[in-house]
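Residue numbering restarts at 1 for every chain, and letters A, B, ... go by the order of the sequence lines. Remember, it's a predicted structure, so these values are computed and weren't measured experimentally.
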Number of protein chains: 2
Amino acid sequence: MALDHAILVSLLERPGSGYELARRFERSIGHFWTATHQQIYRVLGRMVTDGLLLVREVEQQGRPDKKEYSVTGPGRAALAVWLHKPIEPESLRHDLAVKIRGAAFDDPAALIAEVERHRQVHRDRLAHYLAGELRDFTGPDAPAPQDAGQELQHVVLRGGIAYERMTIAWLDDVLATLHRLEAAGPGA
Amino acid sequence: MALDHAILVSLLERPGSGYELARRFERSIGHFWTATHQQIYRVLGRMVTDGLLLVREVEQQGRPDKKEYSVTGPGRAALAVWLHKPIEPESLRHDLAVKIRGAAFDDPAALIAEVERHRQVHRDRLAHYLAGELRDFTGPDAPAPQDAGQELQHVVLRGGIAYERMTIAWLDDVLATLHRLEAAGPGA
DNA sequence: TCCTTCTATGCAACTCGTTGCATAGACAAG
DNA sequence: CTTGTCTATGCAACGAGTTGCATAGAAGGA
């Protein structure tokens with residue numbers, strides 16, 4: 001039930017609406033968690049019922065009203081409990097890796113375009129993360145490091161950057177392998 | 001529904017029972033997919049019903065009988081269809097990253113032991129992958145590269161190795177950050 | 001005026017995945 | 001001869017996550 005905790009962390013960093021959370025989850029926070037708006041709305045409702053969050057109706061001009069959520073004392077306590085409980089190291093589910101192994105039973109060369117497309121997505125994500133890092137942490141206009149939260153957000157972002165760099169390098173390796181197999185001929 | 005396809009690939013590489021699949025998924029294949037035995041048994045049953053797999057009762061000595069599954073023509077065709085369909089680049093769900101950002105609202109130093117534990121797990125996984133690479137691909141006793149399947153399995157394994165190396169380096173970065181915050185004092 | 005886009009929220013149905021439990025044969029240790 | 005471990009399969013219940021659909025206010029362009 002880690003979506004609950006991801007929501008608690010995000011709302012502690014800054015209160016917001018379900019819609020805003022959904023955008024955070026698909027943008028900046030995208031490098032460590034994902035969730036659709038339907039899932040977020042449902043969990044937000046449950047967390048309010050459980051007393052972990054507070055809702056506040058906010059009237060807006062030029063756009064529909066929204067509900068702003070913030071974390072209550074019990075919500076913060078629930079997060080603290082989770083933070084002190086050990087978690088299982090994550091395990092990956094990487095569809096593309098399944099495809100690559102599966103290509104042995106089809107045409108490996110047919111995968112080249114697909115792998116190139118994925119590499120481009122990861123290049124774009126890397127550029128996005130690097131721009132965010134420059135803006136928020138290392139650039140001339142970035143605020144001076146003052147609190148632990150900023151340092152911790154930065155180290156998580158560095159993780160995202162390292163992940164994208166590693167992935168791009170690996171996809172280059174995959175492409176080189178696919179080209180080698182193509183040159184060796186389909187019968188080899 | 002990518003578990004279906006992961007099972008098809010694994011059974012094409014070598015037919016086996018549900019139990020064997022579960023062990024493959026938690027061991028060698030663990031670096032690109034995970035699944036519990038309950039999930040595997042359920043999906044195997046459905047895939048037989050759908051005509052994608054064949055079952056064969058195998059009597060064994062010294063252990064209970066098993067059901068060996070293998071891929072049918074339609075199963076192979078279903079895999080080929082999926083291989084030619086583009087997939088979404090994966091997105092991560094990294095609980096530990098949520099914890100690290102959440103630590104800003106608790107005691108960052110309390111996370112050090114947890115992060116060190118995760119680093120150890122990733123060191124162990126890396127050692128396991130490297131041993132497998134030496135045994136199956138780069139060692140003196142490894143079979144000479146002959147077919148595409150072997151090359152593709154190797155490049156996926158290299159991906160797992162790169163992932164573990166990247167993760168260990170990042171966790172070192174996280175630990176350095178946590179120690180810096182601890183030295184700066186809880187009030188900083 | 002109508003159409004599209006962006007903001008904003010939500011229901012219903014379904015599939016995927018996890019957890020707990022249950023069974024059972026074979027072997028080894030005590 | 002009981003207990004524990006490994007192999008082997010499976011059900012039932014629940015919770016997590018996805019997909020499709022629906023609504024609605026406000027802005028801007030055709």
Below 4.0 Å: OP1/OP2 of dT7(D) and any side-chain N or O of Arg23(B): yes
Residues Arg56(A), Ser70(A); criterion side chain to side chain donor-acceptor pair (under 3.5 Å); working and verdict: CA-CA 8 Å; Arg56(A) 192 168 64 92; Ser70(A) 53; over 6 Å; no
Could you give the CD-to-C1' distance, from Gln38(A) to dA16(D), as a whole number of Å? 14 Å
Do the side-chain N or O atoms of Tyr19(B) get closer than 4.0 angstrom to the phosphate oxygens (OP1, OP2) of dT9(D)? no
Arg46(A) CZ to dG17(D) P, in whole Å, measures 10 Å
Looking at every non-hydrogen atom in both residues, tell me the closest pair between Asp106(B) and His84(A) and how far apart they are. OD2-NE2, 2.8 Å
Rounded to whole Å, CD of Glu68(B) lies from P of dA8(D) at a distance of 11 Å
Whether Trp82(B) and His5(B) hold their rings parallel, tilted or perpendicular, with breakpoints at 30° and 60°: parallel
Proximity of His118(B) and Trp170(B) rings by center, below 6.0 Å: no
State yes or no: are the ring centers of His94(A) and Phe32(B) separated by less than 6.0 Å? no
I need the CZ-P distance between Arg42(B) and dG20(C), as an integer number of Å. 16 Å
Considering all heavy atoms of both residues, which atom of Ile100(B) and which atom of Val156(A) are nearest to each other, and what is their separation? CG2-CG2, 3.8 Å
Verify the contact: side-chain N or O of Lys66(A) to OP1 or OP2 of dG25(D), cut-off strictly under 4.0 Å; return yes or no. no
Quick one: is dG17(C) close enough that its OP1 or OP2 comes under 4.0 Å of any side-chain N or O from Arg93(A)? yes
Among the candidates dG10(C), dG17(C), dT18(C), find the nucleotide nearest to the side-chain atoms of Leu3(B). dG17(C)
Should the ring pair Phe137(B) and His154(B) be called parallel, tilted or perpendicular, given that the plane angle runs from 0 to 90° and is split at 30 and 60? parallel
Rounded interatomic separation in angstrom, taking CD from Glu59(A) and P from dA8(C): 14 Å
Please tell me if Gln39(B) has a side-chain N or O lying less than 4.0 Å from either OP1 or OP2 of dG17(C). yes
Toward the 5' end of DNA chain D, which comes first, Asp65(B) or Ala35(A), by nearest nucleotide? Asp65(B)
Ignoring backbone atoms, test whether Ser17(B) places a side-chain nitrogen or oxygen under 4.0 Å from the OP1 or OP2 oxygen of dT7(D). no
Expressed as a whole number of angstroms, how long is the span from Arg56(A):CZ to dA8(C):P? 14 Å
Using a 4.0 Å heavy-atom cut-off, write out nucleotides 22-27 of chain C from 5' to 3' as B (base contacted by protein), S (sugar-phosphate only) or - (no contact). ---BSS
Report yes if at least one side-chain N or O of Tyr41(B) is closer than 4.0 Å to OP1 or OP2 of dG10(D); otherwise report no. no
Between C1' of dG17(C) and CZ of Phe25(B), the distance in whole Å: 14 Å
Without decimals, in angstroms, what is the distance between Glu57(B) CD and dA8(D) P? 13 Å
